[in-house]
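Report on the structure given below.
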Protein chains: 2
Amino acid sequence: MVQSIDPGQAFPARCDYHSGCRERLLSAAESLCRESGTSLTANRRAVLDILSESHHSLGAYDILERMDAGAGRRPGPAAVYRALEFLSGLGLVHRLGSRNSWFACSRPGEHRGRSQYWICANCGVVGETESEEIAQILPELALSMAFRLDRVSIEIEGECRGCQLQIKG
Amino acid sequence: MVQSIDPGQAFPARCDYHSGCRERLLSAAESLCRESGTSLTANRRAVLDILSESHHSLGAYDILERMDAGAGRRPGPAAVYRALEFLSGLGLVHRLGSRNSWFACSRPGEHRGRSQYWICANCGVVGETESEEIAQILPELALSMAFRLDRVSIEIEGECRGCQLQIKG
DNA sequence: CGGCAAGTGCTATAATATATCATTCCACGA
DNA sequence: TCGTGGAATGATATATTATAGCACTTGCCG
């Protein structure tokens, strides 16, 4: 087995009431903040809460719209982007460049920056894998080009198993 | 050697007057259009010309600005986006999701959709590699997840050799 | 208390991308 | 030669995504 994560488990269930993910994310957020001497403020927590409701990716303005659900007033876009920047800095959320959207990390605190993101074009759910091989190959390639590698983004678009079954059957 | 392209050659020279690239791109454009029964119209060619001037990536509006250099009048953004969509459909240009920008393909007509893009954060030049290993691993991973893989985007940000040398020395 | 740093609110605006519909251009057949 | 149909473009408006700038608040620490 060459995967550090069983790929059979990598693509999350379609259901939004996934268990464990939110709790894991929140506790990772708290410990990462503690470690880094920052704080999980109300805004940041609100954005994290919204993203952690499902494994779908959301646009920043989608997040913004959901932020008045509880409170009466809605912040400006900058508040959302500031929170997203903070959270992605800690690896708690990721940005999908191919769609200008954001989603909650499935494995916060682990394997920072070494994930592949699998995006179902039909249902919008995003899964993550961590391929050991890719984690090895890219630095080797970089070395052979004398390229200093800072950040990697791997986005794969296609259709998840669940959607294929549903559409076909 | 596991690379189909020598990685030592993958990152393009910093100079903008690179030889061969433009010619290769243009002739690939013509043959791809011929094969697909489409045509390389003036607009499309203008966008391709602008992108092929260097290995840098450009925003759509940067391209737009350069489109009045010769002619007196400038088209609207839609013209640029239409050309970009057409050209990227043929694999002649690529979009960088991490930066919302576009660049000319270094290897038009080959290995469609199997490239890795190496982006120098300092000089903005974009190089391409085609890793055989990655070309194998991703479909295997997809298979094990029962995920139908349609499109892959691999973007690596860092600093190229030339810029590292220049800054340090 | 006073001063600093981090975070936020608020407003404006920049940057990126698409929708819609009229018009042009050109190849092709009657 | 004319008309017709499809592809591409022009033109205008607008949607979507993201950042800038600056005042204010809050909490901490001397």
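Model, not experiment: these values are computed from the prediction. Proteins come first, then strands; the chains are lettered A, B, ... in the order of their sequence lines, and each starts at number 1.
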Problem set entry | B:Ser131 backbone acceptor or donor facing B:Thr129 side chain under 3.5 Å | no

So which protein N/O to nucleotides 28-30 of chain D N/O distances come out below 3.5 Å?
none

Problem set entry | Test item: A:Gln116 side-chain N/O and A:Arg114 main-chain N/O as donor-acceptor pair under 3.5 Å | yes

Problem set entry | Ring center gap for A:His94 and A:Phe103 short of 6.0 angstrom | yes

Problem set entry | Value in whole Å for how far the P atom of D:dA15 lies from OH of B:Tyr81 | 17 Å

Problem set entry | Salt bridge present between A:Arg99 and A:Glu155 (N-O < 4.0 angstrom) | no

Problem set entry | B:Ser36 side chain to B:Thr38 side chain, donor-acceptor N/O pair below 3.5 angstrom | yes

For this session: Kindly say whether B:Ser115 contributes a backbone atom to a donor-acceptor pair with the side chain of B:Glu128 at under 3.5 angstrom?
Result: no

Problem set entry | Value in whole Å for how far the P atom of D:dT16 lies from CG of A:Leu58 | 15 Å

Exercise. Between A:Ala60 and B:Asn43, which has a closest nucleotide on DNA chain D that is more 5'?
Worked result: B:Asn43

Problem set entry | Among D:dG10, D:dT9, D:dA18, the nucleotide that comes nearest once only the side chain of B:Thr41 is considered | D:dT9

Problem set entry | Toward the 5' end of DNA chain D, by each residue's nearest nucleotide, A:Ala78 or B:Tyr61 | B:Tyr61

Exercise. First and last nucleotide of DNA chain C touching chain A, 5' to 3', heavy-atom cut-off 4.0 Å?
Worked result: C:dG7 to C:dC10

Problem set entry | Rounded interatomic separation in angstrom, taking CD from B:Glu85 and C1' from D:dA8 | 13 Å

Problem set entry | Atom-pair distance (CG on B:Asn100; P on D:dA18), nearest Å | 7 Å

Exercise. Looking only at atom types and distance, does a side-chain atom of A:Arg22 sit under 3.5 Å from a main-chain N or O of A:Asp49, one as donor and one as acceptor?
Worked result: yes

For this session: Using whole Å, report how far CG of A:Leu84 lies from P of D:dT16.
Result: 18 Å

For this session: Using a heavy-atom cut-off of under 4.0 Å over every strand shown, decide if B:Arg99 touches base, sugar-phosphate, or nothing.
Result: nothing

Exercise. Taking 4.0 angstrom as the limit, do A:Glu85 and A:Arg95 come out as a salt bridge?
Worked result: no

Exercise. Heavy atoms under 4.0 Å, any strand shown: does A:Arg82 hit a base, just sugar-phosphate, or nothing?
Worked result: base

Exercise. Do any N or O atoms from the side chain of B:Gln136 and from the backbone of B:Glu133 form a donor-acceptor pair under 3.5 angstrom?
Worked result: no

